[in-house]
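Worksheet: the structure to be examined is printed underneath.
We name chains A, B, ... by the order of the sequence lines, and we start the count at 1 in each one. Heavy-atom basis, side chains included; hydrogens, waters and symmetry copies ignored.
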2 protein chains.
Amino acid sequence: MAWQVTHKEQSKDKILTSAAMLFTHHGFDKISIDQVMEKAELTRGAFYSHFSSKSDLYAQAINKAAQVAYQRTPDNETVQMAEYAQFYLSPAHRDDNLQQPCPLAFLVSDINQKNEQVKSTYTKTFKRFIKLAEQSITDRQQALQSAALMIGGLAIARALNEEPLSDELLKSCQAGVLTLTENE
Amino acid sequence: MAWQVTHKEQSKDKILTSAAMLFTHHGFDKISIDQVMEKAELTRGAFYSHFSSKSDLYAQAINKAAQVAYQRTPDNETVQMAEYAQFYLSPAHRDDNLQQPCPLAFLVSDINQKNEQVKSTYTKTFKRFIKLAEQSITDRQQALQSAALMIGGLAIARALNEEPLSDELLKSCQAGVLTLTENE
DNA sequence: GTCTATAAATAGATAGAC
DNA sequence: GTCTATCTATTTATAGAC
């Protein structure tokens, strides 16, 4: 019987799986413990025998989300990143609400949960940024790539709590913009 | 006297400037109307004669933040994007709490406001992602660039509310990963 | 370990005086 | 237009029965 998963472990895993999906799709603040527990088919009172706080749950849920998401990577010996990127950067990955998407991208989002007025303003701001880029980068595709690398690089750099890694990322992205716009 | 800014306009601008700074640095949910009004040296009651809701303020504050941030771009006739990227992707821009940073990157962040446990988990997940990338991209710098472009591209694509633009961005980023890893 | 009930705090929004 | 005071809803977290 040693291989059996205990009832407690089952419950915790159910809570984590539910939380991973809800948090990645809707963000930390939009999701209450109630909603997580309801999706896990438990009640609120049971929560604190598994986690010490909502933040504790969040940290563990990010882990869970990553595990589940990366299970979907081709399980050959090595992942071909350039190939994986084709799926990763697809409308299917962006829009799918049924499977567990990549938390690294989905959790970097204070905007997505917001209403249309807010998203509309964000979109307009992004377009202005692209227009700015196109003043010196004539190829529109290169302008979009550069903008995504800049915004993404800075956003991730801010989310990391290890400064050497964060600095290294910034430097790499600087060089990346140069590579992408080399022929200008 | 026609050129004079009215008292009401001054108040609204003060609220917007305060909100822009607070929201970009700490996120929508962490900032209360109270805090915004306090920074603007007004009280809560005055808020609703300028804005219909907190969301309304948020949308307008993003605009304000973009205006202020882009004022700092070199005001020659045209901006050299590759050059601007060097500042944009600098620790100074990442860490500065005194000036208005770019809202496009700073608002794409459900993580930054969170505690160290959460940021630590996010960092570990990012490192795992890089390790995955390095299975097929031997140059570490290229691995970092590709990851930032993928995560950033997807995150922004999700934040945009115009599907053709969002799709175009995804496609551009797919091509960008190929360009960045061309010599592999 | 899970449940129901409840405490305690926070924050968005409104009312009415000046 | 700005103030103080208040209503109301939400939500994290805890207490105690089973």
Side-chain angles (χ1 to χ4, degrees), chain A residues 1 4-23 25-62 64 110-111 113-118 121, chain B residues 1 4-62 64 107 110-111 113-118 121:
Chain A
M1 296 290 260
Q4 277 217 337
V5 180
T6 65
H7 183 203
K8 173 162 187 181
E9 279 164 348
Q10 268 184 43
S11 289
K12 178 162 184 178
D13 193 69
K14 250 184 147 177
I15 297 173
L16 274 179
T17 308
S18 304
M21 280 290 278
L22 290 171
F23 283 142
H25 279 105
H26 305 106
F28 180 79
D29 299 285
K30 275 283 176 75
I31 295 299
S32 66
I33 295 177
D34 255 20
Q35 291 172 287
V36 173
M37 295 303 277
E38 190 180 2
K39 193 179 171 83
E41 295 173 299
L42 292 165
T43 56
R44 184 176 39 219
F47 177 78
Y48 289 92
S49 33
H50 296 282
F51 304 93
S52 64
S53 68
K54 190 185 176 188
S55 273
D56 181 28
L57 169 67
Y58 193 47
Q60 294 194 45
I62 294 174
K64 182 71 179 181
D110 207 38
I111 296 297
Q113 310 87 299
K114 303 297 178 299
N115 65 27
E116 284 305 308
Q117 187 194 4
V118 170
T121 306
Chain B
M1 296 287 260
Q4 278 218 333
V5 180
T6 65
H7 183 202
K8 171 161 188 180
E9 279 164 348
Q10 269 184 41
S11 290
K12 177 162 185 177
D13 194 68
K14 251 184 146 176
I15 298 172
L16 274 178
T17 308
S18 304
M21 280 290 277
L22 290 172
F23 283 142
T24 44
H25 279 105
H26 305 107
F28 179 79
D29 299 285
K30 273 283 176 75
I31 295 299
S32 66
I33 295 176
D34 255 20
Q35 290 172 286
V36 173
M37 295 303 276
E38 190 181 1
K39 193 179 171 83
E41 295 171 300
L42 292 165
T43 54
R44 185 175 35 218
F47 177 78
Y48 290 92
S49 33
H50 297 283
F51 304 93
S52 64
S53 67
K54 191 185 175 187
S55 273
D56 181 28
L57 169 67
Y58 193 47
Q60 294 193 45
I62 294 174
K64 184 70 179 179
L107 290 180
D110 206 38
I111 295 297
Q113 311 86 301
K114 302 300 178 295
N115 66 27
E116 284 304 308
Q117 188 194 4
V118 170
T121 305

Whole angstroms only, please: what is the CD-C1' distance between B:Gln35 and C:dT10? 11 Å
According to a strict under-4.0 Å criterion, is B:Ser53 in side-chain N/O contact with OP1 or OP2 of C:dA13? no
When all nucleic acid strands are considered with a 4.0 Å heavy-atom cut-off, which category describes A:Ser49: base, sugar-phosphate, or nothing? base
Please confirm whether the shortest side-chain N or O distance from A:Thr43 to OP1 or OP2 of C:dC3 is below 4.0 Å. yes
Over how many whole Å does the gap from B:Glu41 atom CD to D:dC3 atom P extend? 11 Å
Under 4.0 Å from OP1 or OP2 of C:dG1: is there any side-chain N or O of A:Ser11 that close? no
Measure the CD1-CD distance between A:Ile111 and A:Gln113 for me, rounded to the nearest 0.5 Å. 8.5 Å
Expressed as a whole number of angstroms, how long is the span from A:Tyr58:OH to D:dA13:C1'? 20 Å
Whole-Å gap separating C1' (C:dG16) and OH (B:Tyr48): 17 Å
Whole angstroms only, please: what is the CZ-C1' distance between A:Arg44 and D:dG16? 15 Å
Is the side chain of A:Lys54 donor-acceptor paired with the backbone N or O of A:Phe28 at a distance under 3.5 Å, no angle test? yes
Would you kindly give the NZ-to-P distance between B:Lys8 and D:dG1, to the nearest whole Å? 4 Å
Criterion salt bridge (charged side-chain N to carboxylate O under 4.0 Å, His left out) on A:Asp29 and B:Lys30, from CA distance to verdict: CA-CA 9 Å; A:Asp29 299 285; B:Lys30 273 283 176 75; over 6 Å; no
For A:Ile31 and D:dT11, give me the distance from atom CD1 to atom P, rounded to whole Å. 10 Å
When rounded to the nearest 0.5 Å, the distance separating OG1 of B:Thr121 from CD1 of A:Ile62 is 5.5 Å
